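These numbers come from a predicted model, not from an experiment.
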Amino acid sequence: MKVATVLFENNSFTRELNDDNLDFGDSELVLGFGSRDLLSDEKVFNHLKNKFPASQLILCSSAGEIYENEVLDNTISLTAIKFSSTVIKTDEVDIAAFENSFQAGSSLVEKFDQDNLKMLLVFSDGGKVNGSELVNGMNAAKKEVVLIVGGLAGDAARFEKTVVGLNETPVQGKIIAIGFYGKKLLVSHGSLGGWETFGLERIVTKSKSNVLYEIDGKNVLDLYKNYLGKYAEELPGSALLFPLSIKIDEVDEPIVRTILSVDETNQTMTFAGDVPVGSKVRFMKANFDRLIDAASGAASFCLEVNSFNPKLALLISCVGRKLILGSRIDEEVEAVSDVFGDKAIISGFYSYGEISPLKPFGECILHNQTMTITCINEID
């Protein structure tokens with residue numbers, strides 16, 4: 001297995017890491033994460049296709065690109081891969097062709113022969129697709145042995161529209177999957193948030209999909225503002241500092257939900273994922289050091305799940321973490337690199353939602369405000 005990374009910025013390829021001497025004309029798979037404006041430009045797509053003419057080219061807009069140990073903006077971070085024996089298959093669906101995201105997720109998985117399928121890597125539109133429904137649909141259609149990981153496309157901090165593309169200029173509404181087949185392929189995963197919970201555990205008593213109305217029979221916005229104290233005056237921006245911990249009956253561990261918006265008129269809060277009635281919730285707050293420690297912990301979890309030295313570590317973290325950590329954002333990438341060592345290629349992006357199991361090789365879950373990592377290598 002050979003891996004190389006290339007950075008595209010200012011209308012040219014400016015940096016390259018290629019210790020394996022990979023022939024870019026011979027690479028099989030290229031993952032590109034970058035700004036929506038760049039990826040939507042047909043001239044830029046032609047640049048990329050000319051660079052990697054034989055590759056399956058998957059492009060996904062981001063809220064920040066990870067290149068080596070840096071987090072960048074207004075670039076395209078490209079990872080090129082040539083496998084020794086692993087076979088890949090790519091396919092896609094368009095959310096517009098389905099009644100809901102559950103059906104889209106199921107249909108996408110059903111496009112793949114699951115015999116000898118080890119992993120599905122999924123990149124989805126981050127605005128038009130309900131991430132919770134998407135993962136539920138994929139879980140319903142997959143076999144137990146198939147690992148599903150990935151993320152929802154981002155759009156910096158604009159939240160206007162996201163784009164994804166398979167061998168074409170990226171557009172809205174697409175959901176793309178790469179299937180990895182082969183007995184010599186090694187994969188592992190890890191996911192941690194690092195947020196601190198505070199206050200009492202409460203029960204969701206009224207919600208619809210990702211819109212929350214009441215907790216413990218009380219108006220959620222009033223309750224939330226009471227917890228925020230002085231930060232309530234800074235809503236909705238301050239909401240990124242105080243996500244929600246949610247525990248759903250069928251999921252053993254709590255997951256994090258980002259607050260997307262507050263509706264003062266209807267007194268509701270909208271989250272980047274479903275918040276079902278009956279789920280148990282607690283408010284959370286940011287601690288910079290714990291967020292960075294969690295990135296390191298997610299990397300360590302990868303090594304516990306499947307003990308091998310990764311050739312490629314694909315990091316998908318949340319736009320909320322990037323906005324909160326600010327100038328310290330590189331530290332969480334560096335923390336991952338410290339765990340894996342200098343032989344692992346680090347790549348990835350900041351997203352509007354992360355897809356990864358909580359349990360080792362379990363069902364995938366939609367995460368928010370979380371660092372998720374997927375590790376890949378091949379047995380020689």
Side-chain angles (χ1 to χ4, degrees), residues 3 5 17 31 33 62-72 77 79 121 147 149-151 154 186-198 240-241 243 245 252-258 284-351 353-362 364-377:
V3 182
T5 59
L17 178 64
L31 306 175
F33 310 113
S62 78
E65 303 84 58
I66 297 171
Y67 186 82
E68 297 185 50
N69 288 358
E70 295 181 65
V71 180
L72 305 170
S77 174
T79 303
L121 181 56
L147 172 64
V149 291
L186 300 172
V187 296
S188 65
H189 64 87
S191 185
L192 278 177
W195 298 84
E196 293 182 353
T197 56
F198 68 100
L240 282 172
L241 297 170
S245 166
D252 291 336
E253 297 293 328
I255 53 179
V256 184
R257 284 286 174 261
T258 300
M284 310 182 85
K285 59 184 177 180
N287 177 305
F288 284 22
D289 290 334
R290 285 193 62 179
L291 292 180
I292 294 166
D293 288 344
S296 176
S300 297
F301 187 80
C302 286
L303 300 180
E304 294 173 11
V305 166
N306 197 356
S307 181
F308 67 89
N309 294 320
K311 183 79 172 182
L312 171 64
L314 181 64
L315 280 54
I316 303 178
S317 191
C318 181
V319 59
R321 297 172 70 90
K322 182 170 182 281
L323 294 174
I324 290 164
L325 288 170
S327 61
R328 294 186 63 182
I329 191 61
D330 288 353
E331 291 183 39
E332 76 165 2
V333 179
E334 291 166 356
V336 172
S337 181
D338 288 343
V339 173
F340 292 141
D342 57 8
K343 292 185 178 179
I345 297 290
I346 304 291
S347 181
F349 72 107
Y350 283 79
S351 75
E354 305 80 56
I355 298 170
S356 183
L358 281 172
K359 290 183 176 181
F361 296 98
C364 63
I365 301 290
L366 176 70
H367 304 267
N368 302 134
Q369 302 280 41
T370 301
M371 167 64 83
T372 67
I373 304 171
T374 303
C375 293
I376 304 173
N377 206 341

Using side-chain contact (heavy atoms from CB on, under 4.5 Å), reason through L121 and L314 one step at a time and then give a plain yes or no.
CA-CA 10 Å; L121 181 56; L314 181 64; 3.8 Å; yes
Pairs flagged by salt bridge (Lys or Arg N to Asp or Glu O under 4.0 Å) wherever residues 314-330 is involved - sequence neighbours left out:
D73-K322, D289-R328, R321-E332, R328-E331
In this structure, CG of L312 is separated from CD1 of I345 (nearest 0.5 Å) by 7.5 Å
What distance do F349 atom CZ and I66 atom CD1 have between them, rounded to the nearest 0.5 Å?
9.0 Å
Residues in side-chain hydrogen bond (donor to acceptor under 3.5 Å, both in side chains) with S356, at least two apart?
none
Between V333 and E68, is a side-chain contact (heavy atoms from CB on, under 4.5 Å) present by the stated rule, with each step listed?
CA-CA 8 Å; V333 179; E68 297 185 50; over 6 Å; no
Validation row: S317, M371 side chains within 4.5 angstrom (heavy atoms)
yes
Those residues that, when tested against L72, pass side-chain contact (heavy atoms from CB on, under 4.5 Å) (two or more places apart):
L7, R15, E65, Y67, E70, T75
The criterion is side-chain hydrogen bond (donor to acceptor under 3.5 Å, both in side chains); which residues satisfy it with D338, sequence neighbours excluded?
none
Evaluate V3 against I376 for side-chain contact (heavy atoms from CB on, under 4.5 Å), listing each step before the verdict.
CA-CA 10 Å; V3 182; I376 304 173; over 6 Å; no
Give a yes or no on whether the backbone of I292 and the side-chain of S296 come within a donor-acceptor separation of less than 3.5 Å.
no
Heavy-atom closest contact (V336 atom, A295 atom, distance)
CG2-O, 3.5 Å
Indicate yes or no: at least one non-hydrogen side-chain atom of C375 is less than 4.5 angstrom from one of N309.
no
Identify, with sequence neighbours excluded, every residue that meets side-chain hydrogen bond (donor to acceptor under 3.5 Å, both in side chains) alongside T374.
none
N/O donor to acceptor pairs below 3.5 angstrom from side-chain atoms of residues 191-198, sequence neighbours left out:
{"unit_1": "W195", "atom_1": "NE1", "unit_2": "Q369", "atom_2": "O", "d": "2.9"}
{"unit_1": "E196", "atom_1": "OE2", "unit_2": "N287", "atom_2": "ND2", "d": "3.2"}
{"unit_1": "T197", "atom_1": "OG1", "unit_2": "R282", "atom_2": "NH1", "d": "3.4"}

Can you name the nearest heavy-atom pair linking L358 to F301, along with the distance?
O-CZ, 3.9 Å
Just verifying a value: how many Å separate T5 OG1 and L17 CG, rounded to the nearest 0.5 Å?
4.0 Å
Hits for side-chain contact (heavy atoms from CB on, under 4.5 Å) against S337, two or more places apart or cross-chain, chain-then-number order -> N69, I346
Of all heavy-atom pairs linking H367 and I365, the shortest is CD2-O, 3.2 Å
Using the test side-chain contact (heavy atoms from CB on, under 4.5 Å), find all partners of L303 that sit at least two apart in sequence or belong to another chain.
P310, V339, F340
Checking Y350 now: which residues fulfil ring-ring contact (aromatic ring centres under 6.0 Å, His included) with it, not counting sequence neighbours?
none
S351: which residues meet the side-chain hydrogen bond (donor to acceptor under 3.5 Å, both in side chains) condition with it, sequence neighbours left out?
E354
For the side-chain contact (heavy atoms from CB on, under 4.5 Å) test, which of T372, T258, T370, I324 pairs with C318?
T258
d(F33 CZ, L315 CG) to nearest 0.5 Å is 10.0 Å
Any residue meeting ring-ring contact (aromatic ring centres under 6.0 Å, His included) with F361, in chain and number order, not counting sequence neighbours
H189
Which residue pairs pass the salt bridge (Lys or Arg N to Asp or Glu O under 4.0 Å) test when at least one of the two sits in residues 304-316, sequence neighbours left out?
D20-K311
